[in-house]
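Numbers restart at 1 for each chain; the letters A, B, ... are given by sequence-line order, proteins then strands. Keep in mind the model is a prediction, meaning the values are calculated, not measured.
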Number of protein chains: 2
Amino acid sequence: MDVKTLCLGVLIRGEASGYEIKKQLEEGPLAQFCRAGFGSIYPALGQLKAKGLVTWSEHSQEGRPDKKIYRITDQGIAAFRKALRKEPSDDRVHSESLFMIFFQGFLDSGRAAEIVDAYRETYRQIATRMRVADLTEAPAGHRFVHAIGQSIYEAIVDAVERNRHLLSEDVDKKALATEK
Amino acid sequence: MDVKTLCLGVLIRGEASGYEIKKQLEEGPLAQFCRAGFGSIYPALGQLKAKGLVTWSEHSQEGRPDKKIYRITDQGIAAFRKALRKEPSDDRVHSESLFMIFFQGFLDSGRAAEIVDAYRETYRQIATRMRVADLTEAPAGHRFVHAIGQSIYEAIVDAVERNRHLLSEDVDKKALATEK
DNA sequence: GCGTCCATGTAAATGGTTACATGATTAT
DNA sequence: ATAATCATGTAACCATTTACATGGACGC
């Protein structure tokens, strides 16, 4: 999904400024699969304007640049629906942590364990946050995606715990050697 | 991870041609987190050559371009180790399927169910392939990453099955209406 | 004083995808 | 016949990241 479609996806749920779009992509329910910086959002919004897929209104503020509230147009909704009609591409997972652990033999001693502990902690936090989210009002699509996400994150935490011993064998050996 | 580091990661496990590097990234144990086309691999290899991180030997073949077998140098190994010493960036998951399902309300009727079934099937196949893989000879890092991957894919298949009903409510309603 | 939140935007640099160019062999 | 496999590489294009530019308010 390019940033233009991402923006339409946010705006179809309600009007927002560029700044707010970024926040929603970071904190909202889409946060898990999307990311975009200002350097891609603002130009994307510019292109959407040019194509008539969004309109905007300026709200002047004191001591700050004018806030531009964007709103999706009927054409924008049509374009978004069209984008949704494509075949979805294959999922892509980029995990530098797992890449590094894969090459554990080339890592400094103990580094794999460090990476893995941070990894587990990251997902433990995300899973905890998701567990307390209230989705009673949310549409089916939101609840489905949330459920899949939560299952994945819990599976990661669980799997890391179950397999961590694979990476600490040399540490254990050292510990044993010290005991003697 | 940029493609240069990916190439070094493949070559550190054994010499290979550009073509073979791509195959290993697609089929090998790294396939889950990496992807690279020829358009990025060949230039990357060129840069690695220029920096002295790999050497190569040409093997002439009949009816085909000469095959260039690349081998990592000591400098290359050092550079790879250095790349592994960085802090790993956050994982990034790009899932157009889940993005689309999130916006189920804007999808054509029945389309969400189609996407979800294909999604489940994709991961069911990957999970099956992983379950039969033989890793008895593999180093700890490989086994760890494999185990995490397998857990994730199984969790997805499972979670899709448990939550599919969320998306077929309107279908059920239609079925009920037809029965009457 | 320092960091963070608010708020917009541009420009350069990076990096990757896609399409093209070439062409023999083998399997369906 | 047609597609896939093997094999390399370039060039145009596209998108995104990063850094820069500006600046007030507010909490620590």
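Phosphate proximity of C:dT17 to B:Ser40: present, with a side-chain N or O under 4.0 Å from OP1 or OP2.
Between C:dC6, C:dT8, D:dA7, one nucleotide has an atom nearer to the side chain of A:Lys23 than all others, and that is C:dC6. Considering only the side chain of B:Tyr19, D:dT5 comes nearest among C:dT8, C:dC6, D:dT5. The side chain of A:Lys68 lies closest to C:dG9 when the candidates are D:dA7, D:dT16, C:dG9.
For the pair A:Ile41 CD1 and C:dT10 P, the computed distance is 14 Å after rounding to whole Å. In this entry the distance linking CG of A:Leu25 with P of D:dT16 reads 12 Å, nearest Å. At whole-Å resolution of the value, OH in A:Tyr70 and P in C:dA7 are 13 Å apart. Straight-line distance from the CD atom of B:Gln47 to the P atom of C:dT14: 10 Å, rounded to whole Å. Residue B:Asp2 contributes atom CG, which lies 19 Å from atom P of C:dA13 at whole-angstrom precision. Atom NZ of B:Lys67 is separated from atom C1' of C:dA24 by 15 Å (rounded to the nearest Å). Between B:Phe38 atom CZ and D:dT5 atom C1' the separation is 10 Å, expressed in whole Å. Rounding to whole angstrom units, CZ of residue A:Arg92 and P of D:dT16 are separated by 11 Å.
Between B:Phe103 and A:Phe80, the ring planes lie perpendicular to each other; the angle is over 60°, past the 30° to 60° tilted range.
A donor-acceptor contact shorter than 3.5 Å links the side chain of B:Glu96 to the backbone of A:Met1.
The minimum heavy-atom distance linking B:Lys68 with B:Lys49 is given by the pair NZ-NZ, 4.1 Å.
Within 4.0 Å (heavy atoms only), A:Gly39 reaches at least one base atom of the nucleic acid.
Residues forming a ring-ring contact (aromatic ring centres under 6.0 Å, His included) with B:Tyr123 (at least two apart in sequence, or on another chain): B:Tyr119, B:Tyr153.
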